[in-house]
Amino acid sequence: MEGSSIPPSLLQVPEIISTLRQAGKKDCTPSASSAFGAATMFAKRFEVLFCGRVTVAHKKAPPALIDECIEKFSQSVGAGGDPKPDSGGGLVDGLRRALALPTLTRNGGTGDGEVRGGGYGASSGGRPVVFKPDPSFPCLRALDENGLSPEPHTHTAGVQPTSLQENRTMLFMVGRSQVFLVSPDTKTVAIEKSFREISFCSQGIHHVDHFGFICRETVEGGSCTFVCYVFQCTDESLVDEIMLTLKQAFSVAALQQSVRTRSQQCDSCPMQQLHRLCERIEGRKLVLPAVSNTLLCPQSHTFSFNGGKASPKSDQEENELVMGSLRSLYEQKQRNRGDCSLDGRGVSVCGVGDGSLGVVPEERKKRGRAELRQLWRKAILQQTLLLRMERENNKIQASESKRQRLDYEEITPCLKDVTLVWESMLGTQARSKVKFNTDTVHSAVEQGVPRQYRGEVWKFLSEQFVLRQPVPVRSPSDNRPYKELLKQLTSQQHAILIDLGPFRHHPYFQAQLGSGQLSLYNLLKAYSLLDPEVGYCQGLSFVAGVLLLHMGEEEAFNMLQFLMYHMGLRKQYRPDMMILQIQMYQLSRLLHDYHRDLYVHLEQHEIGPSLYAAPWFLTAFASHFPLGFVARVFDMLFLQGSEVIFKVSLSLLGSHKPLILQHDSLESIVDFIKTTLPNLGLVQMEKTINQVCEMDLSNQLQAYEVEYHVLQDELCDTPAHLNQSQRTAQLERTNQSLRQQNLDLLEELQVSQARVCRLEGQVEGLAQSEALLRERVFDLEEERNGLRNAVTHLHTLLTALGIHTHTTHGDFNLDPHTHSAADTDGQRDGQGVDVPTREGPRLGQAMSSPLLPHPLALPEH
């Protein structure tokens, strides 16, 4: 830092602490994923937009730092276009990391938010230093031409905004002693900072929806710099909540760390003497916040006195300078002691020496051309091998992930013949435009769906439904693709983050913020942005979770959109829950009609369907039933629509009716339906699915819905004892309900009108076909009449020639008495032969006679 005199040995303390921390992690935790899961188990999570980072000169910053950073980002993006990422994949970047080539930088101090070198938004003068290939080294020149050498580029700029083309949304998590930044897009931890490394947190003054923090980072040369990370939230209230969470987390962590290390302190150590000295003088002359902060986190609050060149301007600065001088003195004594080391707070811990963990500078020697060429060859081979290993690893991980997601017991084993039928239909070219036979598809679904093809089968069934849909369904107003939706922030983040564990015992969703939970978060977030009216409802996480177990994120998003808009599930997730109330009434009426004794038993104990069946409809049975059974329900759901949920509910209650009737209390009945009923056997599950395939409840459901609306209209009659405000409120509720019903009826009317138009078009087409057929029939009748006239004319000619014939339906036969003896030997039977009018040879043979030879008769043999 500028104007500070820090002993060189003091710079080794952060390295010592980092080494101890890494060693502790390796010894105590079996893997990085388990350590991350334990650290984030009780963390508070927020969705933020990562704006970028700025290199600053000091750990403290002015109040307007966040606003200045945002202005720097705007200038940087406006001047240099969309910034490129600092590091990326590929062979060139891998070689650069493997060889660890040094970066040439310019020396000089930087102010708050200023650029240290050339790059995006660089405002300082001078030409930036770049890599210059050595012209005397021909191998490097060849590598440059092939694109394998380090590309000429500027030094990492102090202002580094994130790319606007990439997904910048992150999950900002505040743990017990660390802060994490997780990318839901890449499923990796982008930033991990401990509380000891953070020295400043602030919120924007003009940009109140932005916040940031300053932390210490170690650069390549071993020196430390201070970097400010800036984030954006959906609104100011979320920023206030994050700042309050950080404040509470810092306070609790400091208190716990102080209590934890008391037993490890050595009373004879100089740093412990300094601690007792500060406790004695606390509250007298020194300012308490400066004392406590200096003792609590000396690495983040280190103050130096530069030979009296800068005089303190206030009592607080004077106290800080005094404490800094005392601390430097006692640290020097602590290092001279040699048998104790310092922890991150400046408190001594016995048993760890200082000299063994010192940083030994690496001696660099100048390498020759042959050695450098050999290093390049080795680096290229290693990087190529690494890329191959990464590809194979990705394949193995994808296969393992698929196996892990499909880890559930199938209830309907799919036979080989049925599997071949599915493979044939799924392998059809341009299948999205081909209408398959409905009976064939229904029969295949009833016989079973292969688990490994279930995701493709659901997409196939959705395609068939769209092809048979007479009119396209109203699409969402927001037509942005899935990747673009993920780049936005959602106001439903708290509700979504709470419900990321729909299947807590399934290995795919079990890890805290693992691949499964992050994919589920992306899916639910994208739909909340696509459909603002619904946003997020609690049961959606189960439906989305089932889809994610069988297909990728984007495909699952398309299928969720299909279920919500095409299959009608969207109506039951509206904030008013009106459709869900109608569904509960419809289920109650179905029980009344099909299982009267069960309906009476439930009514006697005042048990309505909303007490047990609401989760069935909102989660499609995924919240309580086994995944194998839920998968079969989804098979039928994609085939028949939301009516399947009524069928399954009615079948389950009917098949367990004798057991339900044995319970005689509200608690026991509800407990049986919620806990015992879902634990079905495989035979009972398969029987339920078979019953669903044979049911048809469409007419009853439509009648019950109309009945519900009629009853609601009767109940809406206003009583006379209500005052004006209550009457107005009730009328407003009624008006809102009627408006919603009007919208639903209008949508149904549009569908009906489109269907009528389609049928009218079909009728018009049939009328045109009928007209064409009439013309064809008329032409054929004229042709037949012409042929009859020709036959009559031929008959007249034959009669004139003395040949006796008779006509039958336009044909003519010769008189059997006119047959010659040669004709009767082997060719005629003596009963007359039907001679077609167009067969000349047979006609000549028939008309041949020794008395009157015909001019067309064939010569006798």
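Note: hydrogens, waters and symmetry copies are ignored here, and every other heavy atom, side chains too, is used.
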Walk me through it: do Lys187 and Glu553 pass the test salt bridge (Lys or Arg N to Asp or Glu O under 4.0 Å)? CA-CA 13 Å; Lys187 312 295 189 301; Glu553 280 187 32; 2.9 Å; yes
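- In summary, the side chains of Ser655 and Gln684 do present a donor paired with an acceptor at a separation below 3.5 Å, with no hydrogens or angles considered.
- Side chain of Asp407 to backbone of Arg403: no donor-acceptor contact under 3.5 angstrom is found.
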Side chain to side chain contact (heavy atoms under 4.5 Å, CB included), that's the test. Do Ser588 and Tyr599 meet it? Break it down for me. CA-CA 7 Å; Ser588 177; Tyr599 171 81; 3.3 Å; yes
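- Counting only heavy atoms from C-beta outward, the side chains of Lys44 and Glu241 approach each other to under 4.5 Å.
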Passes side chain to side chain contact (heavy atoms under 4.5 Å, CB included), His494 versus Leu238? Steps please. CA-CA 10 Å; His494 284 305; Leu238 184 59; 3.6 Å; yes
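- Every residue was checked against the side chain to side chain donor-acceptor pair (under 3.5 Å) condition with Gln561, not counting sequence neighbours, and none meets it.
- Neither side chain, Gln492 nor Ser528, offers a donor N or O lying under 3.5 Å from an acceptor on the other.
- With Phe621 as the aromatic partner, Arg632 does not meet the cation-pi criteria of under 6.0 angstrom to the ring centre and within 45 degrees of the ring axis.
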Stepwise side-chain hydrogen bond (donor to acceptor under 3.5 Å, both in side chains) test for Gln741 and His709: CA-CA 9 Å; Gln741 295 178 18; His709 289 301; 3.1 Å; yes
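- With rounding to the nearest 0.5 Å, the separation of CE in Met425 from CD in Glu423 is 10.5 Å.
- Judged as a ring-ring contact (aromatic ring centres under 6.0 Å, His included), and not counting sequence neighbours, His506 has no contacts.
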Please step through side chain to side chain contact (heavy atoms under 4.5 Å, CB included) for the pair Leu639 and Phe465, ending with a clear verdict. CA-CA 8 Å; Leu639 182 66; Phe465 181 86; over 6 Å; no
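- Counting heavy-atom neighbours within 6.0 Å of Arg774 CZ, excluding the residue itself, gives a total of 12 or less.
- Side chain to side chain, Ser432 and Glu463 fail the donor-acceptor criterion of an N or O pair below 3.5 Å.
- For the pair Val457/Leu426, a side-chain contact is recorded, criterion being any heavy-atom separation below 4.5 Å from C-beta on.
- Between atom CG of residue Leu513 and atom CG of residue Leu497 there is a gap of 8.0 Å, rounded to the nearest 0.5 Å.
- Remark: the His566 side chain and the Gln469 side chain contain no N/O donor-acceptor pair separated by less than 3.5 Å.
- Looking at Thr419, its side chain does come within 3.5 Å of a backbone N or O of Leu415 through a donor-acceptor pair.
- Look at Glu603 and Arg596 and you find no salt bridge, because none of the NZ, NE, NH1 or NH2 atoms lies under 4.0 Å from a carboxylate O.
- Under the side chain to side chain donor-acceptor pair (under 3.5 Å) criterion, Gln581 pairs with Tyr708, not counting sequence neighbours.
- Between the side chain of Lys674 and the backbone N or O of Tyr612 there is no donor-acceptor pair closer than 3.5 Å.
- Taking the side chain as every heavy atom from C-beta outward, Gln493 and Thr234 approach each other to under 4.5 Å.
- For His605, the ring-ring contact (aromatic ring centres under 6.0 Å, His included) partners two or more places apart in sequence, or in a different chain, are His601.
- Side chains of Phe634 and Leu563 form a contact here, defined as non-hydrogen atoms less than 4.5 Å apart.
- Side chains of Tyr585 and Glu705: a donor-acceptor N/O pair is absent below 3.5 angstrom, by distance only.
- Between Tyr527 and Leu530 the shortest side-chain heavy-atom distance falls below 4.5 Å.
- In the model, Tyr521 has a side-chain atom that pairs as donor or acceptor with a side-chain atom of Glu47 under 3.5 Å.
- Contact of the Phe542 side chain with the Leu618 side chain is not registered, since no non-hydrogen atoms from C-beta on lie closer than 4.5 Å.
- In summary, the aromatic rings of Tyr408 and His550 are positioned with their centroids under 6.0 Å apart.
- Annotation: Gln736, atom CD; neighbour count of heavy atoms from other residues, nucleotides and ligands within 6.0 Å does not exceed 12.
- There is a side-chain donor-acceptor pair under 3.5 Å between Asp499 and Tyr536.
- If you look at Phe638 and Phe460, their ring centroids are not closer than 6.0 Å.
- At least one donor-acceptor pair under 3.5 Å links the side chain of Ser541 to the backbone N or O of Gln538.
- The structure places NZ of Lys647 at 11.5 Å from CG of Leu590, a figure rounded to the nearest 0.5 Å.
- Close placement of the Tyr482 and Phe557 rings is indicated, their centers lying within 6.0 Å of each other.
- The closest side-chain donor-acceptor pair between Asp696 and Ser698 falls under 3.5 angstrom.
- Although no hydrogens or angles enter the test, the distance criterion places no donor-acceptor pair under 3.5 Å between the side chain of Trp616 and the main chain of His624.
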Please step through side-chain hydrogen bond (donor to acceptor under 3.5 Å, both in side chains) for the pair Ser752 and Glu748, ending with a clear verdict. CA-CA 6 Å; Ser752 301; Glu748 294 179 2; over 6 Å; no
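- In this structure, CG in Leu518 is found 10.0 Å from CG in Asp185, a value given to the nearest 0.5 Å.
- For the pair Lys459 and Glu554, the salt-bridge criterion is not met [side-chain N within less than 4.0 Å of a carboxylate O].
- Taken to the nearest 0.5 Å, the CG atom of Asp531 stands 9.0 Å off from the CZ atom of Arg574.
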May I have the list of side-chain donor-acceptor pairs in residues 656-666 shorter than 3.5 Å, sequence neighbours left out?
| residue | atom | partner | partner atom | Å |
| --- | --- | --- | --- | --- |
| His656 | ND1 | Leu652 | O | 3.0 |
| Ser665 | OG | Ser668 | N | 3.3 |
| Ser665 | OG | Ser668 | OG | 2.6 |

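- Between Gln700 and Arg589 the shortest side-chain heavy-atom distance does not fall below 4.5 Å.
- Residues that satisfy the side chain to side chain donor-acceptor pair (under 3.5 Å) test with Glu667, not counting sequence neighbours, are absent from this structure.
- From Trp458, atom CH2 reaches atom CE of Met559 across 10.5 Å, with rounding to the nearest 0.5 Å.
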Pair Met584, Leu580 - check side chain to side chain contact (heavy atoms under 4.5 Å, CB included), show working. CA-CA 6 Å; Met584 296 298 101; Leu580 184 61; 4.0 Å; yes
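- The side-chain heavy atoms of Glu484 and Lys487, taken from C-beta on, include a pair separated by under 4.5 Å.
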